[in-house]
Amino acid sequence: MTFNAPKWLALSCLIPLAAHAATDLTLISFGGSNKDAQVKAYYGPFQKTSGVHLVTGEYNGEMAKIKAMVEAGNIGWDVVEVETPELIRGCDEGLFEKLDWSQIGNKKDFVPAAVSQCGAGIFVWSTALTYNAAKLKGTPTGWKDFWDLKKFPGKRGLRKGAKYTLEFALLADGVKPADVYKVLATKAGVDRAFKKLDQIKPAIQWWDAGAQPAQFLASGDVVMSSAYNGRIALAQKDGNKNLKIVWGGSIYDVDSWAIVKGSPKKAEALKYIAFASKPQYQKIYSENIAYGPTNVKALPLLSKAVQADLPTAAANIKNAMALNVQFWVDNGEELEQRFNAWAAK
Amino acid sequence: MSDMSPAVLLTNTGVPMKAQLRRIERVSQLKSLALILPLLLFLIVTFMLPIAAMLRQSVSNPEVVRVMPATLQALKHWNGKTMPDEATSRALLSDLTRAGGDGYALAAAGKRLNMEIAGYRSLVMKTVRHLPEERAAPSARAALLTVDDRWGDPAYWHAIARNASPTTPFYLLASLDHNVNDQGEVVHSEPDRAIYLDVFARTFGMSLVVTLVCVLLGFPVAYLLATLPTRKSNLLMILVLLPFWTSVLVRVAAWIVLLQSGGLINSALIGLGLTREPLELVFNRTGVYISMVHILLPFMILPIYSVMRGISPSYMRAAISLGSHPILSFWRVYFPQTVAGLAAGGLLVFILSIGYYITPALLGGPKDQMVSYFVAFYTNTTVNWGMATSLGTLLLLATLILYAVYNRLIGANRLQLG
């Protein structure tokens, strides 16, 4: 007897998905306040104007489910929100459909990172140093201060994983933003980053979900944390005025829409992506959460106050750096493994 | 007597009794088999096949063989010290040209080679992208070196050569912190990448602690349950079972609320003046132990209780009336009779513990994660199912060994699960 091992594994986790209605477009995004903003800006208006019914859901960016669907040929999701490294890898591995950009819009209207073979950018987001001003004496100005346990005593929050953590460690060690990935590409550079992390290891409280840093900061569990800028902006809006963002040394990236390979609703999916790439809807999105629009034509539609909080604002992006996606596609697995080994010791 | 025919008992239809009986027995056997057939099929489809698939996946290695057959053939005659000859390079170019049409297979091979050397994925992709301009080149070797000088490094060719077989010990070795080097020897992984032996040791260590604490806490409770009058013991039983019926996730979330630095327990301790600073009870080993013991305690109490219920109180009475000290008689008369329940509870709690995922993930720090965390990590985050399944295979193996040891020491037929 011969059977296809991945297919059996895939099938056993797909049985609950079999009840997928044929007429709906299934749209999966990262949940929380990001999704709330998407509902207002995209889902609602799209359902009204197109008449296509949307079924929405949430996930944490794991490619396993998508891989299982594609391998089993039972596609339950049509459009998914993905981060760039997963987008590039998934595109190479044939998990996503190639997009017909002529139906989405003029490529020149988008920030360069938003345009790729399989993905159309939704928004620009940033991971930045944030702190609780009420719990600190003085004002931290960058990652060097994050590492300074004497001047700023207290616990620190960082996202559990090698990505971002290693970059921040090198920035704290005095590496210029432009050289971070050059240094990180060498074994000595990786050693240097981990050695730097050793200095504050006992003071680190790791976080997984995007909502955690704001909670940790507000409750006083940590005094400084890396965090997604949009979550902190929302917490500020909700009355946590003491939470502040340091834009210098922040790292920005794009989240994209992608269509799962073999989706039976490819035409509708593409229609949705084209819709969500229009400036007038991206404007509503950025008004609801402080992430920058990918369509540059949306920027002038936004008020000065909203623009000032976006990662794409001139003052904010000046000392920021872009995530080097190709670096993480190549080295992600090895560095994450080493990170796991380091964190577990 | 002597003139009677050889004794063949016949039924009233003339069929020999023996055959008839055998037939009836066979029919009833078939009937009972038919009754359990749905369950059997269910088990095969949902349990046996996935496990077989898991075992297979943990050694399966088809990616490179599928994309680079000609290269692998050519590499058989390679000296292994310098960049391979023109024919091998030509074979690689033609393999990549052929595979270029099948993006899925190519990416899978790239991903597999990237596990051997970081950056290999983009090297393969880059080479494929440059193929059209290099195909006409007179020397394939020179063409490869023009695209990227990494092709001049024998390590990259060794990585291909290591994957000549559709099955590999790579993942299983990696799960035990070992790998095969360029000389073909099995060596210990570099210290900054070695992690799994520690994780396995930690998994068993933590499970052992949880099991022992469960024994210490569960035994007296079970004894109380078994000796109290029925009405009182029923009430107590509900208290034991109530958390048992609550979702694990709810209980874990409740423990976070109780144990965090501003939580109920710390506020109470500070309010009573017992400590000044809040104790660190959560996001570390303490929190994991507290919650795991709480969740697993019923699995210890119930088997012990069911065994204790069957022990007649007259043994103890007899021992005491014959002059034995109550404590000694408990130890020498009562306790030995509870060992089967104790062992069953211990085995159950230990085996459940080594597969724990959600509790350490939510209540522990990075130093408290068990093997299942890494299975989930490889399944979901990096989509490296080879590593996920081989860690799972080793965990399964450990469980089977444990069961065999138990069987040897106590005997499976004495297992009483309540």
Side-chain angles (χ1 to χ4, degrees), chain A residues 1 3-13 15 59-68 70-71 86 88-95 98 160-161 185 187 190-191 194 201 204-206 208 219-221 261 326-327 329-345, chain B residues 45-46 49-50 52-58 60 102-108 110-111 114-115 117-123 125 174 177 189-196 198-199 202 260-262 283 361-362 365-369 373-374 376-385 387-389:
Chain A
M1 169 181 176
F3 61 88
N4 181 332
K7 229 170 225 180
W8 271 106
L9 278 180
L11 270 175
S12 54
C13 37
I15 290 164
Y59 83 134
N60 272 326
E62 316 94 338
M63 286 298 108
K65 267 198 187 133
I66 296 173
K67 189 178 171 195
V70 173
E71 286 191 352
E86 281 74 34
I88 305 287
R89 225 179 275 156
C91 195
D92 280 347
E93 290 175 17
L95 299 182
K98 304 250 176 346
K160 190 156 90 193
K187 177 119 187 357
V190 177
D191 289 344
F194 277 108
K201 191 175 181 187
I204 300 176
Q205 180 152 333
W206 301 101
D208 289 302
S219 72
D221 278 338
K261 183 95 177 180
Q326 195 55 50
F327 176 83
V329 168
D330 277 343
N331 300 288
E333 281 169 22
E334 178 166 318
L335 291 180
E336 293 296 347
Q337 160 140 21
R338 181 153 171 200
F339 175 83
N340 276 329
W342 172 83
K345 268 173 195 150
Chain B
V45 171
T46 63
L49 281 179
M54 178 185 85
L55 294 176
R56 209 181 104 113
Q57 175 97 37
S58 69
S60 138
D102 183 359
Y104 195 85
L106 191 67
K111 183 178 171 151
N114 206 63
M115 290 174 200
I117 303 174
Y120 214 134
R121 183 203 314 266
S122 60
L123 175 63
M125 292 299 167
D177 291 338
S189 304
E190 288 168 50
D192 56 6
R193 299 193 61 182
I195 169 170
Y196 300 109
D198 284 351
V199 171
R202 179 193 307 156
Q260 64 190 348
S261 55
F283 307 127
L362 290 177
K367 291 190 197 85
D368 312 311
Q369 301 306 325
Y373 171 85
F374 293 94
F377 172 78
Y378 280 117
T379 310
N380 293 323
T381 312
T382 60
V383 198
N384 181 346
W385 290 356
M387 276 308 286
T389 50

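In what follows, chains are A, B, ... by sequence order, proteins preceding strands, each numbered from 1.
- A distance of 10.0 Å separates NZ of A:K67 from OG1 of B:T379, quoted to the nearest 0.5 Å.
- Between B:S122 and A:Q326, the shortest heavy-atom contact is CB-NE2, 3.6 Å.
- Residues meeting the ring-ring contact (aromatic ring centres under 6.0 Å, His included) test with A:F194, sequence neighbours left out: A:W342.
- Taking chain A as the reference chain and counting heavy-atom pairs below 4.5 Å, the highest number among B:K111, B:Q260, B:E190 is found for B:K111.
- Applying the ring-ring contact (aromatic ring centres under 6.0 Å, His included) test to A:Y59 and every residue at least two apart in sequence or in another chain returns A:F30, A:W77.
- The candidate from A:Q337, A:E86, A:M63 with the greatest count of non-hydrogen atom pairs under 4.5 Å with chain B is A:Q337.
- When heavy atoms are compared at a cutoff of 4.5 Å, B:A194 approaches chain A solely by way of its backbone atoms N, CA, C and O.
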Run the side chain to side chain contact (heavy atoms under 4.5 Å, CB included) test on B:R193 and A:E334 for me, step by step, so that the C-alpha distance in whole Å, both residues' side-chain angles and the decisive distance to 0.1 Å come before the verdict. CA-CA 9 Å; B:R193 299 193 61 182; A:E334 178 166 318; 4.0 Å; yes
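- Shown here for B:W385 and A:A64, the closest heavy-atom pair between the two residues is CZ2-O, 3.8 Å.
- Between chain B and the options A:G94, A:A344, A:G61, heavy-atom pairs under 4.5 Å are most frequent for A:A344.
- When heavy atoms are compared at a cutoff of 4.5 Å, A:N60 does not approach chain B at all.
- Side-chain contact check for A:R89 versus B:R121: some heavy-atom pair is nearer than 4.5 Å.
- When B:M115, B:R202, B:M387 are compared by the number of non-hydrogen pairs under 4.5 Å with chain A, B:R202 comes out ahead.
- Within 6.0 Å of the NZ atom in A:K201, the count of heavy atoms belonging to other residues, nucleotides or ligands exceeds 12.
- The backbone N or O of B:Y120 sits nowhere less than 3.5 Å from a side-chain atom of A:D330 that would complete a donor-acceptor pair.
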